[in-house]
Amino acid sequence: MEELEAIRVQKLSQIRELGHDPYPTFYRYTHSIGQAIEDFGPKSGEELEQNPATVRVAGRILAHRPFGKAGFLALSDGEGQVQVYAKKDQLPERGFQLYQLLDLGDFIGVEGTLFRTRTGELTVLAKEITFLAKCFLPLPEKWHGLTDVEIRYRRRYVDLAVNRDVRAVFVKRSIIIRELRRFLDDRGYLEVETPILHPIAGGALAKPFKTHHNALDMNFYLRIAPELYLKRLIVGGLNRVYDLNRIFRNEGISTRHNPEFTMLEFYQAYSNYTDLMDLTETMITGIAEKVCGSRVVKYDEHEIDFNKWTRLSMKEAIVKFCPEKIDEEALKDRATVERLLKQVHAEYDPRMPLGNLVGILFETVAEDHLIQPTLIYDYPIELSPLSKVKSNDPAMVERFELYIGAMEIANGYSELNDPVDQRDRFLAQLQARERGDEEAHEMDEDYVRALSYAMPPTAGEGIGIDRLAMLLTNSASIRDVILFPHLRPE
RNA sequence: GGGCCGUUAGCUCAACUGGCAGAGCAACUGACUCUUAAUCAGUAGGUUGGUGGUUCGAUUCCACCACGGCUCACCA
């Protein structure tokens, strides 16, 4: 509100009149608040009294308990929080006058000695206060804090400043990304950067964002996947590559979807999808352990146990979770599959090929049950235009997806490297496009040409970082693991 | 995009079947030199998301709009 703001503007000019720089350029602290607590937290009150320690710390004032000619401040630098005791007879006159003009949210630097209060709390007895920045807008209330999700997303800076657990989520997210990089780097992978502006939106089945480059006068798509570029690098002899960056898909927003999201894609030559399933188990279990300190992780009402991995073929999963007793052979019969779809009230387009229908049946009957880490493998060829066909079943491809907490976390396969087959698959996708499937793949002639120079047998995988972060931070919505989720203008 | 729910002071929330819009915290004034949701006394703060309608009277009922949440569709 303007009135509250005006009072604080007025206080800043009073601070200036006292001779304090209202916007100094630096503050040399001796300890981060976390460091001060680490160094002096173990010391008793007597020890601190015998060997007085002087520190300079800086941060934002989050609480204030005044007592006339003295008062306590809670000072936070985001990482840590410490109490400051401002006492009139310990401060220069100008310093105490400054203290009296401080508000919640202001940044200050404090030089002082550490002691323990009567209740034992480690506290900085202020000998000098340096003004660093004024907070003109009132912070949320100390007890209930900021809970309105709309304001939390729109003003993430406030959310982060007052909600410690929000900060913890994003610290964890950062650790996930760092550890994934470390995992791949340790195994000889090369991190590469591939284009985000794509002339053809390829590598996945999704609707792209469109944009335009003026100088070239051509349309581009924001990438829906880096896949086809990464495999071109495999053709070129970069045998292990990964790209960990943003992906854009012009689709609905939900608790599990954001129009831009982060994906790790990695490719490994001379390997197949079984190798990657093994790698995925090791990788994800290791990350969970590093980030959460345990292989058992709470998610919603579940305990996800990374000691217990399951592998099921897609057909096995359907048979296991389908309400009607069926066998895998039945899934080769279109009439049976359609009957089962109707039975579970699934919506489908009767013009779709059998493979798509099996995919829908899987999603309808099985997905919700895949809480514990589960690798679903062997997918219908129609759903997978870039995967290698299974040698003993031409209707299926060597592909797997990782499900945890009923969420699709990863997707990998043995890469199709037969250029003739790849061209035919693209042509089949073009037909699907003509039937009105906007997400069907476009023809990519250069990619077919790259394969025509020969690509070694290769396996590749994509991991949705945001969903992995949701899982490991026990977040119900993807917006809680994205710092600035997209919202309509206020 | 469809369905359901929500929007009241800076923040967190009240206000019965329509009858003068309230509390706590934050703010301001005063008291208080070991508090930690500090305490005590006092003050101020609102076009109840917006626009219309019904009514003597609307935060409350109705319509439309805006923004958000959940959910379905689609995907990772």
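A, B, ... follow the sequence lines: proteins, then strands. Residue 1 opens every chain. Keep in mind that the numbers below use all heavy atoms, side chains included, and drop hydrogens, waters and symmetry copies.
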Counter-base of [N], judged by Watson-Crick or G-U geometry with both distances under 3.5 Å:
N     : value
B/G22 : B/C13
B/G1  : B/C72
B/A63 : B/U51
B/U43 : B/A27

| field | Position toward the 5' end of RNA chain B (nearest nucleotide), A/Ala206 or A/Ala476 | value |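 Nearest nucleotide further toward 5': that of A/Ala476.
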| task | Hey, which sits more toward the 5' end of RNA chain B by its nearest nucleotide, A/Tyr153 or A/Glu401? | result |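 Result: A/Tyr153.
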| Selection: residues 481-490 of chain A, any non-hydrogen atom under 4.0 Å of RNA chain B |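 A/Leu487, A/Arg488, A/Pro489 - these, ordered by number, are the residues of the stretch whose heavy atoms sit under 4.0 Å from the strand.
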| Members of residues 378-388 of chain A that approach RNA chain B, where some heavy atom sits under 4.0 Å away |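 Hits under 4.0 Å, by residue number: none.
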Rounded distance in Å between the [atom1] positions of [N] and [M]:
N     : M     : atom1 : result
B/U60 : B/G49 : P     : 8 Å
B/G69 : B/C56 : C1'   : 38 Å
B/G22 : B/C64 : C1'   : 31 Å
B/C20 : B/A58 : C1'   : 14 Å
B/C40 : B/A23 : P     : 16 Å
B/C13 : B/A9  : P     : 12 Å
B/U55 : B/U12 : P     : 37 Å
B/G45 : B/A26 : C1'   : 11 Å

Suppose we call a contact any N or O donor and acceptor under 3.5 Å apart; does that hold for the side chain of [X] and the base of [N]?
X        : N     : result
A/His257 : B/C75 : yes
A/Thr117 : B/U35 : yes
A/Glu5   : B/G10 : no

Spell out, as yes or no, whether a donor-acceptor pair under 3.5 Å connects the side chain of [X] to the backbone of [Y].
X        : Y        : result
A/Ser414 : A/Tyr273 : yes
A/Arg249 : A/Ile224 : yes
A/Asn411 : A/Leu402 : no
A/Asn163 : A/Leu146 : yes

| field | Minimum side-chain heavy-atom gap A/Leu180-A/Ile465 below 4.5 Å | value |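 Touching, per the 4.5 Å side-chain cut-off.
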Under 4.0 Å, counting only non-hydrogen atoms across every strand here, what does [X] touch: a base, just sugar-phosphate, or nothing?
X        : answer
A/Asn258 : base
A/Ile465 : nothing
A/Arg154 : sugar-phosphate
A/Phe248 : nothing
A/Gln90  : nothing
A/Arg155 : nothing
A/Glu121 : base
A/Ile151 : sugar-phosphate
A/Gly145 : sugar-phosphate
A/Asp89  : base

Separation of atom [atom1] in [X] from atom [atom2] in [N], rounded to whole Å:
X        : N     : atom1 : atom2 : result
A/Glu150 : B/A66 : CD    : P     : 14 Å
A/Glu251 : B/C74 : CD    : C1'   : 6 Å
A/Ile463 : B/C75 : CD1   : C1'   : 17 Å
A/Glu141 : B/C13 : CD    : P     : 10 Å
A/His345 : B/A73 : NE2   : C1'   : 17 Å
A/Lys207 : B/A73 : NZ    : P     : 15 Å
A/Glu347 : B/G2  : CD    : C1'   : 11 Å
A/Leu137 : B/G10 : CG    : P     : 12 Å

Nearest heavy-atom pair of [X] and [Y]: which atoms, and what distance?
X        : Y        : result
A/Glu382 : A/Asn356 : CB-OD1, 3.1 Å
A/Ile129 : A/Ala86  : CD1-CB, 4.5 Å
A/Ala469 : A/Ile176 : CA-CD1, 3.7 Å

| said: I want to check a possible cation-pi pair here: A/Arg232 against A/Tyr229, using under 6.0 Å from ring centre and within 45° of the ring axis as the test. | reply: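 Yes, A/Arg232 sits over the ring of A/Tyr229.
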Any side-chain N or O of [X] below 4.0 angstrom from OP1/OP2 of [N]?
X        : N     : value
A/Ser254 : B/C70 : no
A/Arg479 : B/G69 : yes
A/Arg152 : B/C11 : no
A/Lys11  : B/A27 : no

| Does the ring centre of A/Phe321 sit less than 6.0 Å away from the ring centre of A/Tyr403? |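 No - the distance between ring centres of A/Tyr403 and A/Phe321 does not fall below the 6.0 Å cut-off.
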| request: Please assess A/Ile371 against A/Tyr299 for the test side-chain contact (heavy atoms from CB on, under 4.5 Å), listing each intermediate value before the final yes or no. | output: CA-CA 9 Å; A/Ile371 305 298; A/Tyr299 186 67; over 6 Å; no
| said: I need the A/Phe131 CZ to A/Asp106 CG distance, nearest 0.5 Å. | reply: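 Separation between the atoms: 5.0 Å.
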| said: Which nucleotide wins on minimum distance to the side chain of A/Pro138, given the candidates B/C34, B/U33, B/G10? | reply: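 That would be B/G10.
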| said: Given B/U12, B/G68, B/A44, identify the nucleotide with an atom nearest to the side chain of A/Val149. | reply: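 Per side-chain heavy atoms of A/Val149, the pick is B/G68.
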| Worked check of side-chain hydrogen bond (donor to acceptor under 3.5 Å, both in side chains) between A/Glu38 and A/His31 | CA-CA 10 Å; A/Glu38 202 181 312; A/His31 296 72; over 6 Å; no
| query | Is the closest basic N to carboxylate O distance between A/Arg173 and A/Asp466 below 4.0 Å? | reply |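 Yes.
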| Do A/Arg311 and A/Asp278 sit within salt-bridge range, that is, some charged N less than 4.0 Å from a carboxylate O? |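 Salt bridge present between A/Arg311 and A/Asp278.
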| A/Thr123 and A/Gln83 side chains, donor-acceptor separation under 3.5 Å |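 Yes, because at least one side-chain N or O of A/Gln83 sits under 3.5 Å from a partner of the opposite role on A/Thr123.
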| request: Using a 4.0 Å cut-off on protein heavy atoms (strictly under), produce a 5'-to-3' string for nucleotides 38-43 of chain B with B for base contact, S for backbone-only sugar-phosphate contact, and - for none. | output: B-----
